[in-house]
Asker: 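Take a look at this one; I'll ask things after.
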Amino acid sequence: MCGIVGYVGTDHAKEKIIDGLKRLEYRGYDSAGIALPINGKIQVQKAVGEIKNLEAKIASPDFDAPVGIGHTRWATHGKPTEINAHPHLNEEETVAIVHNGIIENYQEIREWLATEYGIKFKSETDSEVIAHLIGLFYNGDLLDAVNKAVAEMRGAYAIAAIAADEPDKIVAVRKDAPLIAGIGDGFNFIASDIPAVLKYVRDVYLIENNETVVLTKDEIVIYDENGNKVDREVYVVNWKADAADKADYDHYMLKEIHEQPAVISETLMSRLNPDDSIRLDDISLTKEDIDNINKIYIVACGTAYHAGLVGKMVIEKMAHIPVEIDVASEFRYRDTFIDDKTLFIAISQSGETLDTLAALRDAKDRGARILSVVNAVGSSIARESHDVFYTLAGPEVAVASTKAYTTQLICMYLIGLYMGSTKGTIDKEYYNYMLGELKALPAKVNKVIENEPVIKELAERYHYRDNVFFIGRGLDSGVSYEGSLKLKEISYIHSFAIAAGELKHGTIALMDSDTLVVALATQDKLYEKMVSNIVEVQARGARIIGLAKEGKTEIEKTSDEVIYIPQCADEVAPVLAVVPLQIFAYYVALEKGCNIDKPKNLAKSVTVE
Ligand code: F6R
């Protein structure tokens, strides 16, 4: 969704801001803009479409200053036009703001400003009211004006503001929308997310809800909602400098697929003690807490939900606790049975998905213990949970999630094993066997990736298909959903996932010689049943790409093509099975000439309902 970058220092702010905005492109946007205080005035430039359109407009050396704020906008209120793009100005053009989030009472404020003060609005956005409010309250002190403006607003926001009369300063504030401050030497940054500033700084402050920040080139001062100064610990980002770069890859998605062996290993090993016991030391679930839990809800959206589908089966198997799984947008509006014996697990890469966050808050209010599995450090979901299990996937830039998913799976296994061993529902032998299987995963994922040329060839052969079905049983059915989502979101091919045993209850009517079926058969105990399901669709003329473990060659008789993954325990097969599906989706989209890293209509972080 929208991205904010502000710079205050001695250098050309516009260059730093453009660089930061480009690094936030993955969040999705349809227009961009920048505001600089120049010679006692605020100057603004905006452009619809790609950031390069904005760059062309700000090339003039006259448009330059050592301070500025920039924004990429994802249209919510009002079309993606230049007028609706941020930054927005007050009428006198003395104050400029950029905003991420939604001002819920903007209509009310708009009417009030129009009737009381005769203010004429230029845009259709909710955000413009912020600029007018700050302008109205401005009396030479931007911090004071921002605080007064915020007191009038309801909703979610991260805001950065500059004033013509204080050209050496940025004031920012957040509530329910992400914001970080990057700490430089003689310069400072404000931004929506760490990748925006990673090229320039390693030390950041994670800004908390209802905090206001004043940035000058030498100082960052954080205030709580009562105006008291806050002493915030510096968070040192330990990602590699090129973590958010594309390196030699054509697309972030391919880079991130290839990063999976490393990030799986990191997520796993960071949680293991030398004696192979699982270390969840920053997670405060005691044996007593775990024994007290009689029900688990896993709630998430999209790919994270698909990780939860696997998580449900794994945790139920290992910890013998019933697990319900739901998409957050449904969970919020149904009657659920939550009390203080409920563990609520939220899974989210961004940690900002609004539906997941709202479901979490609801569950928390009703007494549930909240454990979140999150990738973005300091994000809202992480901050509002009792315990956080961070996936160490590093920045995921491609809109289509890959490495976040596989690291989420690792967390599911570790949670299952930890709870199971604490409760005594799994024995030492099984525990050791599973740990061995988990530790072997990075090398095995590497082997799957080495098979990329074969999968690419399949993608070239089948990319023209209009209808693709993904089928599987047990854990494979969960992975089918993810394979199907990957394909549809980046290649725009209609695809559908279904538990294979359910096919004959209706969906098989769609099978004919134009249909491509990707059949996952990695689960040993369901293998024969799965082969029977494949025979059923083959009999209707469908083309079949089978996916099985090495040595399970029976499937060749019923499939047109077979992709093999290394031998492994059934439980961990999802981690290996999903990788060929990611690669297949990638190359199908490439064949079709799609915008792989930024598919149409999608944003990386969905902060609206
Ligand atoms: C698909 C994808 C989305 C996200 C979903 C939840 O590739 O990335 O389906 O998984 O929007 O996002 P997070 O995990 O950030 O809560």
Side-chain angles (χ1 to χ4, degrees), residues 302-303 305-306 309-310 313 327 400 451 454-549 552-565 570 573-574 576-589 591-592 594:
T303 288
Y305 166 73
H306 297 155
L309 291 174
V310 173
M313 294 189 214
V327 289
N451 203 20
V454 173
I455 303 162
K456 177 171 184 246
E457 216 180 290
L458 292 181
E460 283 160 9
R461 201 170 310 152
Y462 292 107
H463 74 273
Y464 62 88
R465 294 273 168 160
D466 292 329
N467 264 312
V468 183
F469 287 78
F470 288 76
I471 61 172
R473 303 180 76 115
L475 288 172
D476 279 339
S477 81
V479 183
S480 302
Y481 286 101
E482 179 54 11
S484 168
L485 180 66
K486 282 295 86 87
L487 186 69
K488 68 174 75 122
E489 70 180 322
I490 61 168
S491 75
Y492 317 138
I493 290 176
H494 174 260
S495 75
F496 187 79
I498 183 166
E502 183 65 13
L503 267 172
K504 58 174 93 57
H505 299 289
T507 306
I508 203 162
L510 295 171
M511 299 290 160
D512 60 24
S513 55
D514 289 331
T515 319
L516 177 66
V517 175
V518 180
L520 281 71
T522 73
Q523 299 294 297
D524 289 348
K525 71 169 193 279
L526 293 165
Y527 184 74
E528 281 173 13
K529 292 206 179 306
M530 191 57 210
V531 170
S532 307
N533 292 133
I534 298 174
V535 172
E536 284 162 14
V537 288
Q538 192 192 36
R540 272 77 188 174
R543 287 296 281 192
I544 290 147
I545 301 180
L547 196 149
K549 289 181 194 160
K552 293 286 208 178
T553 51
E554 181 77 14
I555 195 169
E556 287 179 17
K557 294 191 196 135
T558 50
S559 302
D560 300 283
E561 329 275 354
V562 180
I563 300 171
Y564 286 108
I565 59 167
D570 279 3
L576 300 173
V578 77
V579 178
L581 307 185
Q582 297 167 342
I583 296 173
F584 181 71
Y586 173 82
Y587 281 107
V588 167
E591 276 296 312
K592 295 189 71 186
C594 301

Asker: Provide the closest heavy-atom pair for R473 versus Q523 in the form atom of the first, atom of the second, distance.
Answerer: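 Looks like O-CG, 3.8 Å.
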Asker: Working to the nearest 0.5 angstrom, can you tell me the gap between E536 CD and I471 CD1?
Answerer: 8.5 Å
Asker: Quick test of your reading of the model: are K456 and E460 salt-bridged, counting only N-O distances below 4.0 Å?
Answerer: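 Yes.
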Asker: Can you confirm whether F584 sits close enough to I563 that some side-chain heavy atom of one is under 4.5 Å from a side-chain heavy atom of the other?
Answerer: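 Not in contact.
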Asker: Can you list, pair by pair, the side-chain donor-acceptor contacts under 3.5 Å of residues 493-505, counting residues two or more places apart and other chains?
Answerer:
unit_1 : atom_1 : unit_2 : atom_2 : d
H494   : ND1    : N467   : OD1    : 2.6
S495   : OG     : S484   : O      : 2.8
S495   : OG     : S484   : OG     : 2.8

Asker: In sequence, state the C-alpha distance, the side-chain angles, and the governing distance for L520 and S480, and then conclude on side-chain contact (heavy atoms from CB on, under 4.5 Å).
Answerer: CA-CA 7 Å; L520 281 71; S480 302; 4.1 Å; yes
Asker: Going from OG1 on T515 to CD1 on I544, what distance comes out if it is rounded to the nearest 0.5 angstrom?
Answerer: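 Result: 9.5 Å between the selected atoms.
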Asker: Is E556 atom CD crowded by more than 12 heavy atoms from other residues, nucleotides or ligands, each under 6.0 Å away?
Answerer: yes
Asker: If the condition is ring-ring contact (aromatic ring centres under 6.0 Å, His included), which residues does Y586 pass it with, not counting sequence neighbours?
Answerer: H251
Asker: Please report the interatomic distance CD1(I490) to CD(Q582), rounded to the nearest 0.5 Å.
Answerer: 9.5 Å
Asker: Would you say K592 and V588 make side-chain contact, with heavy atoms under 4.5 Å?
Answerer: yes
Asker: Do S477 and M313 touch side chain to side chain, with heavy atoms closer than 4.5 Å?
Answerer: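 Yes, at least one pair of side-chain atoms sits under 4.5 Å.
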Asker: So which heavy atom on S559 is nearest to which on Q538, and how close?
Answerer: N-NE2, 4.4 Å
Asker: What distance do M530 atom CE and D524 atom CG have between them, rounded to the nearest 0.5 Å?
Answerer: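 The distance works out to 13.5 Å.
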Asker: Rounded at 0.5 Å granularity, tell me how far OG in S513 sits from CZ in R540.
Answerer: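 Nearest 0.5 Å value for the OG-CZ distance: 13.5 Å.
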Asker: Can you check side-chain contact (heavy atoms from CB on, under 4.5 Å) on K557 and V535, steps first, answer last?
Answerer: CA-CA 9 Å; K557 294 191 196 135; V535 172; over 6 Å; no
Asker: What residue among L547, L485, L487 forms side-chain contact (heavy atoms from CB on, under 4.5 Å) with F470?
Answerer: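 When L547, L485, L487 are each tested with F470, the side-chain contact (heavy atoms from CB on, under 4.5 Å) holds only for L487.
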Asker: To the closest 0.5 Å, what do you measure between CG (L309) and CD (E482)?
Answerer: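 Output value for this atom pair is 9.5 Å.
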Asker: Any heavy-atom pair between the side chains of V468 and Y462 that's under 4.5 Å?
Answerer: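 Not touching, per the 4.5 Å side-chain cut-off.
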Asker: One pair to check against side-chain contact (heavy atoms from CB on, under 4.5 Å): K549 and D570. What are the steps and the verdict?
Answerer: CA-CA 10 Å; K549 289 181 194 160; D570 279 3; 2.5 Å; yes
Asker: Could you check if a side-chain atom of K486 sits within less than 4.5 angstrom of a side-chain atom of T303, using non-hydrogen atoms only?
Answerer: yes
Asker: Got a donor-acceptor contact below 3.5 angstrom from the T558 side chain to the I555 backbone?
Answerer: yes
Asker: Quick one: are P580 and N451 in side-chain contact, heavy atoms under 4.5 Å?
Answerer: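 With C-beta onward as the side chain, the pair stays apart.
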Asker: Is it true that the NZ or CZ of K552 lies under 6.0 Å from the centre of Y527's six-membered ring and within 45 degrees of the ring axis?
Answerer: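 Pair K552/Y527 counts as cation-pi.
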Asker: Is D476 reaching over with its side chain to a backbone N or O of T522, donor-acceptor style, under 3.5 angstrom?
Answerer: yes
